[in-house]
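What follows is a set of notes on a single structure, which appears directly below.
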Amino acid sequence: MRGPTRIYSWILSAAVLIAAGVIAVWWIQENDLLSPVAERDGATANPPGVTASGPAATGRVDERDWISILDAAQADRVVVNGANSARLIDFGGDPLIELTFATERVDGGDFFIEVDEAVLSRFAGQSVLLDFAMQGVSGNGAEDVSLSVECDFASMGDCGRKRYTVPLQPASMVFSVALPNINPGGPGRFRISGVGPSAQGGVIGLSGIRLTGDTQQ
């Protein structure tokens with residue numbers, strides 16, 4: 001009788017294991033444990049990190065205390081040199097300062113924007129982050145325009161010469177500068193100059209310039 005009894009025991013054990021497996025599968029499906037964590041707990045996936053795209057950037061909210069140096073409605077604050085031009089335009093429903101470079105280079109730079117002395121004084125002895133939000137304007141004969149940005153911070157010195165190629169989509173030129181802990185002694189200014197053939201007759205849109213303390217330094 002041992003044979004039949006042993007077979008019966010095996011059948012019973014197998015039945016119990018199968019039943020346990022079925023219950024386990026049902027429990028996993030009911031609790032949605034096979035789905036990614038972000039889906040089963042109702043959480044929203046973390047947004048992408050902010051890239052060097054300034055005011056037009058998408059991604060997490062930038063909570064830093066930015067100070068506007070120039071906004072898109074202040075085309076009259078751009079000082080133009082030579083045959084270059086600056087004007088306010090409506091670009092897809094948004095204001096934009098259209099900067100048009102002359103077909104021939106102008107000695108001494110192309111465009112100048114003043115930086116208030118009080119802003120420089122506020123950040124004396126600190127590193128600051130500068131954000132130039134720009135984009136190429138379609139129809140200027142060149143998809144990308146190369147330019148350079150230079151800073152004159154009065155007694156505080158400068159930032160060297162920063163070169164940037166402006167794409168057609170909204171983007172930003174972002175860089176940091178360490179300001180000495182001294183009185184600027186007057187306002188500063190930014191100088192935007194065209195670089196190379198792409199800037200000859202090239203057109204870019206400037207949507208703003210802003211500044212904040214560089215807390216990562």
Side-chain angles (χ1 to χ4, degrees), residues 49-57 60-88 95-102 105-135 145-166 170-195 199 204-217:
V50 175
T51 59
S53 50
R60 63 174 175 268
V61 176
D62 189 342
E63 297 180 345
R64 286 175 291 195
D65 185 18
W66 289 95
I67 294 174
S68 175
I69 303 298
L70 179 78
D71 65 45
Q74 297 177 310
D76 58 329
R77 290 193 53 226
V78 180
V79 177
V80 180
N81 190 14
N84 303 293
S85 66
R87 67 186 183 115
L88 176 65
L96 204 62
I97 301 175
E98 183 185 74
L99 304 181
T100 303
F101 293 91
R105 270 306 313 275
V106 180
D107 291 336
D110 298 298
F111 304 97
F112 297 92
I113 298 100
E114 184 174 291
V115 185
D116 193 76
E117 179 181 0
V119 174
L120 296 177
S121 297
R122 173 176 173 177
F123 292 97
Q126 302 179 46
S127 288
V128 296
L129 199 64
L130 293 162
D131 181 353
F132 290 71
M134 297 179 279
Q135 69 182 88
V145 175
S146 294
L147 53 79
S148 67
V149 171
E150 297 173 79
C151 318
D152 175 2
F153 294 135
S155 298
M156 288 180 162
D158 57 50
C159 65
R161 189 169 183 259
K162 312 294 184 181
R163 184 165 173 171
Y164 184 65
T165 299
V166 183
S172 282
M173 179 180 188
V174 180
F175 58 91
S176 62
V177 182
L179 298 178
N181 192 17
I182 61 175
N183 191 318
R189 68 176 184 174
F190 297 116
R191 167 179 165 175
I192 300 176
S193 303
V195 176
I204 65 169
L206 179 62
S207 59
I209 303 173
R210 59 182 185 167
L211 176 151
T212 189
D214 188 1
T215 57
Q216 295 183 357
Q217 294 291 321

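Just so you know, these numbers come straight off a predicted model, no measurement behind them.
Under the 4.5 Å side-chain criterion, counting only non-hydrogen atoms from C-beta, F123 is in contact with I67. In this structure the side chain of F153 never reaches within 4.5 angstrom of the side chain of D158, judged on heavy atoms. When side chains are defined from C-beta on, L179 does not count as touching Q126, because their heavy atoms never get closer than 4.5 Å. Side-chain contact between Y164 and V195: absent, with no pair of heavy atoms (C-beta onward) separated by less than 4.5 Å. At least one side-chain heavy atom of I69 sits less than 4.5 Å from a side-chain heavy atom of F190.
A search for salt bridge (Lys or Arg N to Asp or Glu O under 4.0 Å) contacts involving R87 returns E98, not counting sequence neighbours. Evaluation of the side chain to side chain contact (heavy atoms under 4.5 Å, CB included) rule for D152 yields R189 as partners, not counting sequence neighbours. In this structure, the salt bridge (Lys or Arg N to Asp or Glu O under 4.0 Å) partners of E150, at least two apart in sequence or on a different chain, are R191. A search for side-chain hydrogen bond (donor to acceptor under 3.5 Å, both in side chains) contacts involving T165 returns S146, not counting sequence neighbours. Shown here are the salt bridge (Lys or Arg N to Asp or Glu O under 4.0 Å) partners of R163, two or more places apart in sequence or in another chain: there are none.
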N/O donor to acceptor pairs below 3.5 angstrom from side-chain atoms of residues 112-119, sequence neighbours left out:
{"unit_1": "D116", "atom_1": "OD2", "unit_2": "A118", "atom_2": "N", "d": "2.9"}
{"unit_1": "E117", "atom_1": "OE2", "unit_2": "G186", "atom_2": "N", "d": "3.4"}

Margin query: What verdict does the side chain to side chain contact (heavy atoms under 4.5 Å, CB included) test give for F111 and V79, after you've listed the backbone C-alpha separation in whole Å, the side-chain angles of each residue and the deciding distance to 0.1 Å?
Written below: CA-CA 6 Å; F111 304 97; V79 177; over 6 Å; no
Checklist line | Residues L130, V149; criterion side chain to side chain contact (heavy atoms under 4.5 Å, CB included); working and verdict | finding: CA-CA 11 Å; L130 293 162; V149 171; over 6 Å; no
Notebook entry, point to check: Between V177 and M156, is a side chain to side chain contact (heavy atoms under 4.5 Å, CB included) present by the stated rule, with each step listed?
Noted result: CA-CA 11 Å; V177 182; M156 288 180 162; over 6 Å; no
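Pairing each heavy atom of P95 with each of A72, the nearest pair is O-CB, 3.3 Å. Shortest non-hydrogen contact noted between L96 and S207 is CD1-CB, 3.6 Å. Residues A73 and L88 share a closest heavy-atom pair of CA-CD1, 4.1 Å. Across I192 and L99, no two heavy atoms sit closer than the pair CD1-CD1, 4.4 Å. Nearest heavy-atom pair across A154 and P184 is CB-O, 3.1 Å. Nearest heavy atoms, A124 versus I182: CB-O, 3.7 Å.
D214 contributes no side-chain N or O that, together with a main-chain N or O of S127, makes up a donor-acceptor pair within less than 3.5 Å. Proximity of a side-chain donor or acceptor of S172 to a complementary backbone N or O of D131 within less than 3.5 Å is not detected.
Rounded to the nearest 0.5 angstrom, L120 CG and N183 CG are separated by 9.5 Å. Note that CG of L206 is 10.5 Å distant from CD of Q74, once rounded to the nearest 0.5 Å. With rounding to the nearest 0.5 angstrom, the OG atom of S176 is 11.0 Å from the CG atom of L211. Here the CD1-CD1 distance, from I204 to I97, works out to 10.0 Å after rounding to the nearest 0.5 Å.
Ring geometry for F132 versus F175: interplanar angle under 30°, hence parallel rather than tilted (30 to 60°).
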